[in-house]
Amino acid sequence: ELADAQNVRFAIDLHCPFLRGDVHEAFYFDGLTIPHINDNVNELIAWIKEERPPATSWPLNFMKKPPMIAPENGMPCSHYFAYKKDVILATTLEVPFTQPNCPLDAAMARQYGVALLRAFLRTKFVSEDRKVTGGTTDSEELRTLRSAYQPLYRGKPEEARKLVDALVKNAPPDSVYRVERVNLLGLIHLHQKQFSAAWFCFVLVLGDEHATTQQRATAATQVLAIAFSDPASTPAYIDNALAEFNRFPYPSAEQLLRVYNLSADYFQAQKNYARALRNIELLYPIALSYEKGKTLNRMAALYDLLKQPEMALASRKEAVALLRKQLDPMPVGVSGPLMANDLFEALQGIPSATLQEKKEAAEMVLNHKVTPVALKEKVRKALAELEKK
């Protein structure tokens, strides 16, 4: 009755799934795949992906094929509204109580709510007759721009500039493309080691009210990358840059991986092995599965530099145990020889490891179909040295 009286055209049922397990730990849209409604859901998902807290996931589309006969009893909610005249959006958003590797709390949930509203405002909805009903930008164009820009900005910076400038030429002042242009120009400056110019670009994005969450997340990470890359950076500046990054809410695992790696590289180069080790320890729980052995090896190397041989040995033994499980059976992709090399390196640092064990690990690298040539050469030389002893 309310929908009829108010001529409701947008209906979202915010719902909660089962407590845990399977898809119930994901945000997902449910409803009917009536063409314009499904297109609107997909566009809304794209903008939620852009605006969500980076640590969380974006919603999945679990919309279903419409039944032959329209529902008559008004249930479920999204089905009922999907068949009403002039409705633009009719869907259910299932909101989980938690997510894998990302516990939700009240503050994060509210930020997801903010993301939903910001995404709603950015979405260019279409009606059944394909007329645009609102919004100012197109997520597909933004993704296309980023994809086209990546292979250009390092080798062909002028082409990259022209690509961005052409897109923003007629864009309104609040356009997300104008913000993206500043971020992408910052990447050119950073690659060319023009650190001050790069820093200025990324700080502009961080302060821009029209920037998406993803754009600000990119800028926050790059500001820290500048601090680690600029030879003029002082220890105090590095500490301030790290503190500033830590104020960014809910960074993604990808952001944290980059930050911890950059931090470890910087502090190791400064011979501050304790701080380098701390960053590798923070990195390990979120490292990709095929890089965990490599990460344990790096921990071991830092323990060696800290004159803690027992801890180094323990890390290498942990790497060996983990990698043997991961390599049985041997992965067919490039991760297989990379992990086999990590196993080979870990065994070389264990005094009790036999030559036969080391040979077997080396053979796994050398006999794999997709092992890079340079890696084969490296392993052959190391194996030859071991056989001389």
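Because the structure is predicted, anything quoted here is derived from the model rather than measured.
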Is the number of heavy atoms from other residues, nucleotides or ligands within 6.0 Å of CZ (R110) greater than 12?
no
How far does NZ of K85 sit from CG of D4, to the nearest 0.5 angstrom?
12.5 Å
Go through the side-chain N and O atoms of Q222 and R258 and say whether any donor and acceptor fall under 3.5 Å apart.
yes
Please answer whether the main-chain N or O of H24 pairs with a side-chain N or O of D22 as donor and acceptor at a distance below 3.5 Å.
no
Is L2 isolated, or which residues cluster with it under the ILVMFWY side-chain rule of less than 4.5 Å, directly or via members?
none
For S289 and Q326, test the side chains for any donor-to-acceptor distance below 3.5 angstrom and give the result as yes or no.
no
Is it the case that E51 and T213 place a side-chain donor and acceptor less than 3.5 Å from each other?
yes
Any side-chain donor paired with an acceptor under 3.5 Å for E310 and Y303?
no
Looking at every non-hydrogen atom in both residues, tell me the closest pair between A227 and S233 and how far apart they are.
O-OG, 2.6 Å
Pairing residues for F10 by the ring pair (Phe, Tyr, Trp, His ring centres under 6.0 Å) criterion, not counting sequence neighbours
F120, F125
Within the supplied structure, the quantity of interest is the number of heavy atoms (other residues, nucleotides, ligands) at a distance under 6.0 Å from K294 NZ; does it exceed 12?
no
Quick check: are there more than 12 heavy atoms from other residues, nucleotides or ligands sitting under 6.0 Å from NZ of K376?
yes
Is the backbone of R275 close enough, under 3.5 Å, to the side chain of N279 for a donor and an acceptor to pair up by distance?
yes
Which distance, rounded to the nearest 0.5 Å, do you find between the OG of S229 and the CG of L262?
6.5 Å
Under a side-chain separation threshold of 4.5 Å, the hydrophobic residues clustered together with L313 are L288, Y290, V320, L323, L327, M330, M339, L343, L347, I350, M364
Say you draw a straight line from NZ of K381 to CG of L386; how long is it, rounded to the nearest 0.5 Å?
14.5 Å
L256 side, atom CG; N246 side, atom CG - distance, nearest 0.5 Å
8.5 Å
E140 backbone acceptor or donor facing T144 side chain under 3.5 Å
yes
State the CG-CZ distance between N183 and R216, to the nearest 0.5 angstrom.
11.0 Å
Closest heavy-atom pair, Q111 versus P53, reported as atoms and distance to 0.1 Å, is CB-CG, 3.7 Å
Under a plain distance cut-off of 3.5 Å, with no hydrogens placed, do Q255 and T221 share a side-chain donor-acceptor pair?
yes
So does A171 get a backbone contact from the side chain of R178, meaning a donor-acceptor N/O pair under 3.5 Å?
yes
Can any side-chain N or O of H79 pair as donor or acceptor with the backbone N or O of P66 at less than 3.5 Å?
no
Quick one: does any side-chain atom of E345 pair with a main-chain N or O of A340 as donor and acceptor, under 3.5 Å?
no
For L117, the rest of its hydrophobic cluster, which grows through side-chain links under 4.5 angstrom
none
Assess whether a salt bridge exists between E180 and R146, defined as any Lys/Arg side-chain N lying under 4.0 Å from an Asp/Glu carboxylate O.
yes
Would you say CD of E387 has more than 12 non-hydrogen atoms from neighbouring residues, nucleotides or ligands within 6.0 angstrom?
yes
Verify the neighbour count for atom CZ of F200: are there more than 12 heavy atoms of other residues, nucleotides or ligands below 6.0 Å?
no
Using the benzene-type ring in the case of Trp, are the ring centres of F27 and Y112 under 6.0 Å apart?
yes
Using a strict cut-off of less than 4.0 Å between a Lys/Arg side-chain nitrogen and an Asp/Glu carboxylate oxygen, indicate whether D39 and R130 qualify as a salt bridge.
yes
Look at the aromatic rings of F228 and F267 and report parallel, tilted or perpendicular, splitting at 30° and 60°.
perpendicular
Would you say NZ of K378 has more than 12 non-hydrogen atoms from neighbouring residues, nucleotides or ligands within 6.0 angstrom?
no
For P337, is there any backbone N or O sitting under 3.5 Å from a side-chain donor or acceptor partner on N341?
no
If only atom types and distance count, is the side chain of D342 paired as donor or acceptor with the main-chain N or O of G293 below 3.5 Å?
no
Between E94 and H15, do the side chains contain an N or O donor and an N or O acceptor separated by less than 3.5 Å?
yes
Residues two or more places apart in sequence or in another chain: which of them pass side chain to side chain donor-acceptor pair (under 3.5 Å) with D304?
R316
Write down the atom of L32, the atom of K65, and the distance for their closest heavy-atom approach.
CD2-O, 4.1 Å
For S127, all residues meeting side chain to side chain donor-acceptor pair (under 3.5 Å), sequence neighbours excluded
D129
Non-hydrogen side-chain atoms of L242 and L224 separated by less than 4.5 Å:
yes
